[in-house]
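Here the structure comes first, spelled out in structure tokens, and everything after it is commentary.
Residue numbers start from 1 in every chain, and the chains themselves are labelled A, B, ... in the order their sequence lines are given, proteins ahead of strands.
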Amino acid sequence: MTTVSYREIYAVVSRIPRGRVATYGQIARLAGIPGHARQVGYALGRSDGQGPVPWHRVVNAKGMISPRADGSWMELVQRLLLEGEGVIFDEHGRIPLSRFQWRPAS
DNA sequence: CCACTGACGAGTG
DNA sequence: GCACTCGCCAGTG
């Protein structure tokens, strides 16, 4: 299939374990739509509070929290939630993916 | 039904 | 490492 409902994306995001993070591109691949990282971002933006989706565990490929269009406070909330789970940010505001990126059970 | 709206990523210079 | 380009698509009003 080449189409994806946002629902499918939320399902994948929901699998991210506590204390780990995943990238948009990674979620897209796991959802079966490689190359559609953007759609993942759009979907999460819409989920915002809609359900038990750990949206805060998704960051961009640089390991940074993606800036919201509206300069929303959500960015700060996201960082606090992650730090609360033990995720560390370096001096550049980046999360060392080598250490915290979620690696689905092989 | 149509127009607009967004949390990205890989490649190139 | 930074600036820019291009490909990507489901929802909402």
Please report the distance, rounded to the nearest Å, between [atom1] in [X] and [atom2] in [N].
X         : N      : atom1 : atom2 : answer
Lys62(A)  : dA3(C) : NZ    : P     : 11 Å
Tyr42(A)  : dG9(B) : OH    : C1'   : 12 Å
Gln101(A) : dG9(B) : CD    : P     : 11 Å
Tyr24(A)  : dC8(B) : OH    : P     : 6 Å
Trp73(A)  : dA7(B) : CH2   : C1'   : 14 Å

Might you work through the salt bridge (charged side-chain N to carboxylate O under 4.0 Å, His left out) test for Glu83(A) and Arg79(A), ending with a clear yes or no? CA-CA 6 Å; Glu83(A) 292 182 323; Arg79(A) 174 161 181 160; 3.1 Å; yes
Protein-nucleotides 4-7 of chain C N/O pairs closer than 3.5 Å?
unit_1 : atom_1 : unit_2   : atom_2 : d
dG7(C) : O6     : Arg38(A) : NH1    : 2.7

Taking only the P atom of each, what is the distance from dG6(B) to dG7(C) in whole angstrom?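 22 Å, rounded to whole Å.
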Between dT5(B) and dC8(C), how many Å separate the two C1' atoms, rounded to a whole number?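 Taking atom C1' in both dT5(B) and dC8(C), they lie 14 Å apart.
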Enumerate all atom pairs, one protein N or O and one N or O from nucleotides 11-13 of chain C, separated by less than 3.5 Å.
unit_1  : atom_1 : unit_2  : atom_2 : d
dG11(C) : OP1    : Tyr6(A) : N      : 3.4

Taking the side chain as every heavy atom from C-beta outward, state whether Leu30(A) and Pro104(A) have any pair of such atoms under 4.5 Å apart.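 Of all side-chain heavy-atom pairs linking Pro104(A) with Leu30(A), at least one is under 4.5 Å.
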Val53(A)-Tyr42(A) co-clustered via ILVMFWY side chain contacts under 4.5 Å: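 Per the 4.5 Å side-chain linkage, Val53(A) and Tyr42(A) are co-clustered.
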Taking all atoms of both residues into account, what is the closest heavy-atom pair of His92(A) and Met64(A), and its distance?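 Looks like O-CE, 3.6 Å.
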Distance to the ring centre below 6.0 angstrom and angle to the axis at most 45 degrees; does that hold for Arg94(A) and Phe89(A)?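 Pair Arg94(A)/Phe89(A) does not count as cation-pi.
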If I take atom CH2 from residue Trp55(A) and atom CG from residue Leu81(A), how far apart are they, to the nearest 0.5 angstrom?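 Answer rounded to 0.5 Å: 5.5 Å.
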Please report the interatomic distance CG(Leu44(A)) to CE(Met74(A)), rounded to the nearest 0.5 Å.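 Answer rounded to 0.5 Å: 10.5 Å.
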Donor-acceptor pairs under 3.5 angstrom involving side-chain atoms of residues 19-27 of chain A: please list them, not counting sequence neighbours.
unit_1   : atom_1 : unit_2    : atom_2 : d
Thr23(A) : OG1    : Gln26(A)  : N      : 3.1
Gln26(A) : OE1    : Thr23(A)  : N      : 3.3
Gln26(A) : OE1    : Gln101(A) : NE2    : 2.9
Gln26(A) : NE2    : Trp102(A) : O      : 2.8

